[in-house]
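Order of the sequence lines sets the chain letters (A, B, ...), proteins ahead of strands, with each chain counted from 1.
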Amino acid sequence: MRRLRADELPAGTVDLAKALIGCVLVRNAPEGGSAGRIVETEAYVIGDPASHAYRGKSRRNASMFLAAHRAYVYKIYGTSFCMNVTSERANEGAAVLVRALEPLAGLDLIERRRRTTRAIDLCRGPGRLCQALAIDAALDGVDLLRGRELWLAAASADPRPLGTSRRIGITKASRRRLRFFERGNPFVSGPKKMSW
DNA sequence: TAGGCGATGCTCT
DNA sequence: GAGCATCGCCTAG
């Protein structure tokens, strides 16, 4: 598993959201390592009414304003965490939400954390993948290219064709097609009906 | 198998 | 006090 370098990733939130499909998210926890291949992302661009950064910096979204390739982790609905990759220069406020992974390594650990062995349910959905890789607020702001506990590795295989759709679970600007996923991959979340 | 809905707690207004 | 980038259980078909 080889670390991604900054010069391998495109500038701009939408292009980064596409480029991250197929890359691998690696988690090094005290209890062991685990990893998954990114199969679904959503872009939250500058000036996007659906973005947490839209109303400016606050305590919760502060790390969304870090320079590109940092983790922005926050708690949603009191129960689940969501993980984003920042995508612009410092103080711009944009990120790519990682919505689903295909489990690759540390399956035992992932199954124990998720309390299920049903492969399809292990990392499908932003809250689930955070639980699967033990990603929580302690990892908010870490550098995903240089970090030791959580980092990004280069694509493990050539990705299949990319699909796009509206984003899931939001009310504002919901018509914009800023969700990207690997077509035909069973580990993708959301509606099965796909469009591109 | 798909869709409805309650739990849950934090953040911002 | 409202709303939220969700999850998992339950029910109906």
Side-chain angles (χ1 to χ4, degrees), chain A residues 12-18 20-21 25 36 38-66 68-88 92-103 110-142 144 150 163-182 184-195:
Chain A
T13 304
V14 172
D15 287 337
L16 180 65
K18 294 177 188 171
L20 284 176
I21 302 287
L25 187 62
I38 298 173
V39 295
E40 182 183 353
T41 60
E42 282 181 1
Y44 287 85
V45 299
I46 295 169
D48 180 354
S51 166
H52 286 176
Y54 186 61
R55 292 172 189 281
K57 198 190 275 193
S58 69
R59 200 169 58 193
R60 173 169 78 148
N61 69 16
S63 56
M64 197 169 174
F65 289 82
L66 295 171
H69 315 141
R70 301 296 196 97
Y72 165 44
V73 181
Y74 66 93
K75 193 173 234 187
I76 186 69
Y77 297 109
T79 51
S80 314
F81 287 99
C82 293
M83 203 215 86
N84 299 248
V85 181
T86 59
S87 54
E88 301 283 348
E92 297 276 12
V96 174
L97 171 69
V98 180
R99 282 197 59 91
L101 301 177
E102 176 180 342
I110 289 175
E111 289 175 352
R112 247 179 306 169
R113 288 179 183 136
R114 291 278 304 120
R115 296 164 199 250
T116 178
T117 55
R118 207 177 120 84
I120 254 353
D121 287 336
L122 290 175
C123 302
R124 195 178 53 165
R128 289 174 182 154
L129 75 88
C130 281
Q131 189 181 20
L133 296 192
I135 296 170
D136 60 23
L139 295 171
D140 187 32
V142 303
L144 292 171
L150 184 68
T164 69
S165 80
R166 297 175 177 195
R167 292 174 292 184
I168 294 175
I170 59 170
T171 53
K172 303 183 193 92
S174 58
R175 289 180 55 192
R176 303 183 69 174
R177 302 171 74 84
L178 292 174
R179 172 172 170 259
F180 306 97
F181 54 90
E182 190 180 59
N185 190 303
F187 295 96
V188 169
S189 77
K192 287 288 160 289
K193 197 161 60 174
M194 296 176 178
S195 54

K.L.:
Contact class for A:Arg114 vs. all strands (heavy atom < 4.0 Å): base, sugar-phosphate, or nothing?
P.N.:
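The residue A:Arg114 makes sugar-phosphate contact but no base contact.
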K.L.:
Looking across every strand, which nucleic acid part, if any, lies under 4.0 Å from A:Asp121 by heavy atom: base, sugar-phosphate, or nothing?
P.N.:
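Nothing, no nucleic acid heavy atom in range.
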K.L.:
To the nearest Å, how far apart are A:Lys75 NZ and C:dC7 P?
P.N.:
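From A:Lys75 NZ to C:dC7 P: 14 Å.
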K.L.:
Counting Watson-Crick and G-U wobble pairs with both distances under 3.5 Å, what is the dot-bracket string for DNA chain C, 5' to 3', using [ ] for crossing pairs and | for pairs to another strand?
P.N.:
||||.|||||||.
K.L.:
Hey, does the side chain of A:Glu88 reach the backbone of A:Thr13 with a donor-acceptor pair shorter than 3.5 angstrom?
P.N.:
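Pair found, side chain donor or acceptor close to backbone of A:Thr13.
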K.L.:
Expressed in angstrom and rounded to an integer, what is the separation of A:Gln131 atom CD from C:dC7 atom C1'?
P.N.:
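Those two atoms, CD and C1', are 9 Å apart.
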K.L.:
I'd like to know if the side chain of A:Asn61 and the backbone of A:Gly56 have a donor-acceptor N/O pair within less than 3.5 Å.
P.N.:
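Between the backbone of A:Gly56 and the side chain of A:Asn61 there is a qualifying donor-acceptor contact (under 3.5 Å).
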K.L.:
Going through the distances and angles, do A:Asp121 and A:Thr116 end up as a side chain to side chain donor-acceptor pair (under 3.5 Å)?
P.N.:
CA-CA 8 Å; A:Asp121 287 336; A:Thr116 178; 5.3 Å; no
K.L.:
For A:Tyr44 together with A:His52, are the ring centres under 6.0 Å from each other?
P.N.:
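When the ring centroids of A:His52 and A:Tyr44 are compared, they turn out to be at least 6.0 Å apart.
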K.L.:
Using a cut-off of less than 4.0 Å, is there contact between a side-chain N or O of A:Arg59 and OP1 or OP2 of B:dT11?
P.N.:
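Checking B:dT11 against A:Arg59, a side-chain N or O does come within under 4.0 Å of OP1 or OP2.
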K.L.:
Mind checking the CZ-OG1 spacing from A:Arg167 to A:Thr41? Nearest 0.5 Å is all I need.
P.N.:
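A:Arg167 atom CZ to A:Thr41 atom OG1 measures 11.0 Å (nearest 0.5 Å).
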K.L.:
Using whole Å, what does the distance between atom P of nucleotide C:dC4 and atom OH of A:Tyr44 come to?
P.N.:
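From A:Tyr44 OH to C:dC4 P: 12 Å.
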K.L.:
In whole angstrom, what separates A:Tyr54's OH from C:dA5's P?
P.N.:
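Spelled out: OH on A:Tyr54 to P on C:dA5 is 14 Å.
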K.L.:
Measure CD/A:Glu40 against C1'/C:dT6 and give the value in whole Å, please.
P.N.:
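Spelled out: CD on A:Glu40 to C1' on C:dT6 is 13 Å.
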K.L.:
I need the single residue from A:Leu139, A:Val98, A:Leu101 that forms a side-chain contact (heavy atoms from CB on, under 4.5 Å) with A:Leu133. Which is it?
P.N.:
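Exactly one pass, corresponding to A:Leu101.
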K.L.:
May I have the distance from A:His52 (atom NE2) to C:dC4 (atom P), rounded to whole angstrom?
P.N.:
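That distance rounds to 10 Å.
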K.L.:
Report which part of the nucleic acid A:Thr171 touches: base, sugar-phosphate, or nothing (heavy-atom distance under 4.0 Å, all strands).
P.N.:
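The residue A:Thr171 makes sugar-phosphate contact but no base contact.
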K.L.:
Is any N or O donor-acceptor pair between the side chain of A:Tyr74 and the base of C:dA5 shorter than 3.5 Å?
P.N.:
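Indeed, a donor on one side and an acceptor on the other fall under 3.5 Å apart.
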K.L.:
Closer than 4.0 Å, any side-chain N/O of A:Arg124 to the OP1 or OP2 of C:dT6?
P.N.:
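Indeed not, no polar side-chain atom of A:Arg124 lies that close.
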K.L.:
Would you kindly give the CZ-to-P distance between A:Phe81 and B:dT11, to the nearest whole Å?
P.N.:
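It works out to 10 Å between those atoms.
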K.L.:
Can we say A:Glu42 and A:Arg99 salt-bridge, meaning some charged N sits less than 4.0 Å from an Asp/Glu carboxylate O?
P.N.:
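Looking at A:Arg99 together with A:Glu42, the answer is yes, because their closest N to O distance falls below 4.0 Å.
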K.L.:
Tell me: CD1 of A:Ile120 to C1' of B:dA2, nearest whole Å?
P.N.:
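After rounding, the gap between these two atoms is 16 Å.
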K.L.:
Contact class for A:Arg60 vs. all strands (heavy atom < 4.0 Å): base, sugar-phosphate, or nothing?
P.N.:
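Sugar-phosphate only.
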K.L.:
Would you indicate what A:Met64 reaches in the nucleic acid, counting non-hydrogen atoms under 4.0 angstrom: base, sugar-phosphate, or nothing?
P.N.:
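Base: the residue A:Met64, judged by heavy atoms under 4.0 Å, touches a nucleobase.
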K.L.:
Taking the six-membered ring for Trp, does A:Tyr77 stack with B:dG9 (centroid gap under 5.5 Å, planes within less than 30°)?
P.N.:
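By the stated criterion, A:Tyr77 and B:dG9 do not stack.
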K.L.:
Of the options C:dC7, C:dA5, B:dT8, whose atoms approach the side-chain atoms of A:Thr79 most closely?
P.N.:
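Of C:dC7, C:dA5, B:dT8, B:dT8 is nearest to the side chain of A:Thr79.
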K.L.:
Measure the CD1-CG distance between A:Ile21 and A:Asn185 for me, rounded to the nearest 0.5 Å.
P.N.:
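Separation between the atoms: 9.0 Å.
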